[in-house]
Amino acid sequence: MANEEDDPIIQEIDVYLAKSLSEKLYMFQYPIRPASMTYDDVTHLSAKIKPKQQKVELDMAIDTLNPNYCRSKGEQIALNVDGTCTDETSTYSSKLMDRQTFCSSQAASNVSRYAAAIYRKGELHLTPLHGILQLRPSFSYLDKADAKHREREAANEAGDSSQDEAEDDIKQITVRFSRPETEQARQRRVQSYEFLQKRQAEEHWVHLHYYGLRDSRSEHERQYLLSQGHGMAENTELIKSPSEYLMMLMPPNVEEEKDKPVAPSNVLSMAQLRTLPLADQIKILMKNVKVMPFANLMSLLGSGTDSTAVLRCIQQVAMLVQGNWVVKSDVLYPKDTSSPHSGVPAEVLCRGRDFVMWKFTQDRWVVRKEVATVTKLCPEDVKDFLEHMSVARINKGWEFLLPYDEDFVKKHPDVVQRQNMLWMGIQAKLEKVYNLLKEHLTPKKQDGQSAHPLLVSGEQRVNMAKAKVKQNYGLLEKELQKQKAESKANETLSKMDISNVRIKEEPVSDEEPMDASAYESMNNGMVNGIHSEENSTDSLNGHLPGGCTDRVAQELKAFVMTTFKKQFVLTLSELKRLFNLHLASLPPGHTLFSGISDKMLQDMVLDTGCKQILVPFPPQIHAVSPDELKVYALWEAGDIYDQHRQVLLKIFTKNYRVRRNVIQHQLSQECGEDLNKQDVDRVIKDCCVSHAGMWYLKGTVQS
């Protein structure tokens, strides 16, 4: 009370709220005005605005007659910007810097608490501001001067090198196709600074008319800053209690809440997670964790969660593998998405990942090379599949990430049975898509003991293998004898004791033995197609009974010729792989099962007109096997491209990798200038593969 008596009220002022310009009124904050600049010069000022961005550019007139203005400097700036010629595009048409450009920036993001006030005849009229813009000088004319300078330098250089204009302007270009853009990549691009700058630059400028302070139009517009009616009916905003009125004038500051960092879109706190429906909680958890035991899932969902409801929801987004839950492939790779590595569509990725999951239902170990061979997917995609649910072990492969959950399997046999039926359906689809062998698709027992890794000694492995061979030996021998009896050409072979046949053995020092270990499953325990027992001591040593040597040579020659006419260039390791595949497709008792060594195969390659290409591999390259360093090529195929291929192969005797322009230049020099692009592409495609912008002979990229 004492303070109120010391500060008495002198005058009461009526306050009115004017809203005619509330959505159009901006306040401009100018810098300190130079003595030579007049802000109210109408005849020399222009303005333009981008409404969405609230961005303004103003051209202010400079008083060039002012004694503080340096005329020589103004002339120099105009000359640097526009040059000597003057036209409509000139920045300074008077050849003098007579105006200055100002660009705006927002001074405050929230202007709801600011208003413009006019005091007139004892009344205070307030108009809310729509924006506050700070104007700063723009020096874009300096960029224009630099551009003019670069253009003049380029013109001078073009004049000095005019004698080179007669050269051919045709240049080789590289065409690259962009990968399909994923939804995550599109969101990152839209939120990037470069994209926002581009969007802002695309908005068109709206040119404005400027009216000076004393113009009649300005006087007319200023009248809108006054409240149009003094009746309280038109100012209902002011019919409020003092606290509400103060709250309107000074609303609470909410900028701090808006400026708080926002968590990434794929991150949820446990408190936020538990506000979602149960199905969404389980889906988010499985999508992020990938593999989880059921007990861990229940602990994350919190106490009081019904396990029956969880089991019902988990089967919608995950599959049971070794008693643990693995997220479904279509949850990780939704429809209409693609691989970030190879651009492969989601349908193919889901099929490949399902194959990996199915393999882990059969065994705890999976070999990465086998998955890549079956699915035909790139190594990066296969690695992603395996990292989702397994861990790499040196010299062993990929082991399933979690141990077998025996407790869950015993407690929920109905769920396990239902999941086994689902896996049988997936297995049938995989069999059709990947053409898998029947014996590979036989599911293993899914009981607790079989799922645990067993330690088997070497002697036990040998005994198991012997028992399996003896079990199948009778059936194989009967089938072989039946086919021999039906074929008159194989009468001599029917007299042979199949148990005494062994593959030809050659010294390791002379030639490397043919590696057929990868195809043992195709031959069902046979060595190059012939069964052998432990007690056999005799060998053919390369000599076939009954004069079959010529027929073996003819069959082998036909295979080599057919293969090289399709491939043109092969390493020895790739040729052996194709030969083993050829053997697997032949019926039992075929002549090629008589035993073909590496030396016989290489001699036949040279006899059919092929040549070994001595590719100079660098010493730092370590091949997987010496066979990958032996490269053979068909020297004469009997078509019009023989000469071109020979020139190409000679190039690779000097370097193991070559650029395309070197190949094209050498072919044009050796075969004539009239060689077109289609011929060059045909020759390169026959013999080479591209990797990282360089060309290699087929099969030598990994070397």
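Keep in mind that what you see is a predicted model, and the values were worked out from it rather than measured.
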Is [Y] close to [X] at the side-chain level, that is, under 4.5 Å between some pair of heavy atoms?
{"X": "Leu377", "Y": "Arg351", "value": "no"}
{"X": "Met389", "Y": "Trp398", "value": "no"}
{"X": "Leu25", "Y": "Leu225", "value": "yes"}

Between [X] and [Y], does at least one N-O distance fall below 4.0 Å, as a salt bridge requires?
{"X": "Arg217", "Y": "Glu221", "result": "yes"}
{"X": "Arg660", "Y": "Asp681", "result": "yes"}
{"X": "Arg71", "Y": "Glu75", "result": "yes"}

Requested in this report: Please state whether the rings of Phe294 and Phe408 are parallel, tilted or perpendicular, taking 30° and 60° as the class boundaries.
Outcome: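 Phe294 vs Phe408 ring planes: tilted.
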Query raised in the report: Would you call the rings of His220 and Tyr224 parallel, tilted or perpendicular, where under 30° means parallel and over 60° means perpendicular?
Result: perpendicular
Could you measure the distance from the [atom1] atom of [X] to the [atom2] atom of [Y]? Nearest 0.5 Å is fine.
{"X": "Leu349", "Y": "Asp330", "atom1": "CG", "atom2": "CG", "result": "12.0 Å"}
{"X": "Tyr333", "Y": "Phe385", "atom1": "OH", "atom2": "CZ", "result": "4.5 Å"}
{"X": "Met298", "Y": "Leu311", "atom1": "CE", "atom2": "CG", "result": "8.0 Å"}
{"X": "His388", "Y": "Leu401", "atom1": "NE2", "atom2": "CG", "result": "11.5 Å"}
{"X": "Met97", "Y": "Gln76", "atom1": "CE", "atom2": "CD", "result": "12.5 Å"}
{"X": "Glu347", "Y": "Ser338", "atom1": "CD", "atom2": "OG", "result": "13.5 Å"}

[X] [atom1]: over 12 foreign heavy atoms closer than 6.0 Å:
{"X": "Arg659", "atom1": "CZ", "answer": "no"}
{"X": "Lys383", "atom1": "NZ", "answer": "no"}
{"X": "Lys50", "atom1": "NZ", "answer": "yes"}
{"X": "Lys48", "atom1": "NZ", "answer": "yes"}
{"X": "Glu202", "atom1": "CD", "answer": "yes"}

Query - Closest non-hydrogen atom pair, Lys328 against Gln316 - result: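 So the minimum-distance heavy-atom pair works out to NZ-O, 3.5 Å.
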Polar side-chain atom of [X] near backbone of [Y] as donor-acceptor pair, under 3.5 Å:
{"X": "Ser104", "Y": "Val56", "answer": "yes"}
{"X": "Arg368", "Y": "Pro379", "answer": "yes"}
{"X": "Glu380", "Y": "His341", "answer": "no"}
{"X": "Gln281", "Y": "Leu276", "answer": "yes"}

Query raised in the report: Would Ile132 and Tyr114 count as a side-chain contact (heavy atoms from CB on, under 4.5 Å) if you check the C-alpha gap in whole Å, the side-chain angles of each, and the deciding distance to 0.1 Å?
Result: CA-CA 9 Å; Ile132 301 177; Tyr114 299 100; 3.9 Å; yes
**Report entry** Residues in salt bridge (Lys or Arg N to Asp or Glu O under 4.0 Å) contact with Arg222, at least two apart in sequence or another chain
**Finding:**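 For Arg222, the residues satisfying salt bridge (Lys or Arg N to Asp or Glu O under 4.0 Å) (neighbours in sequence not counted) are Glu219.
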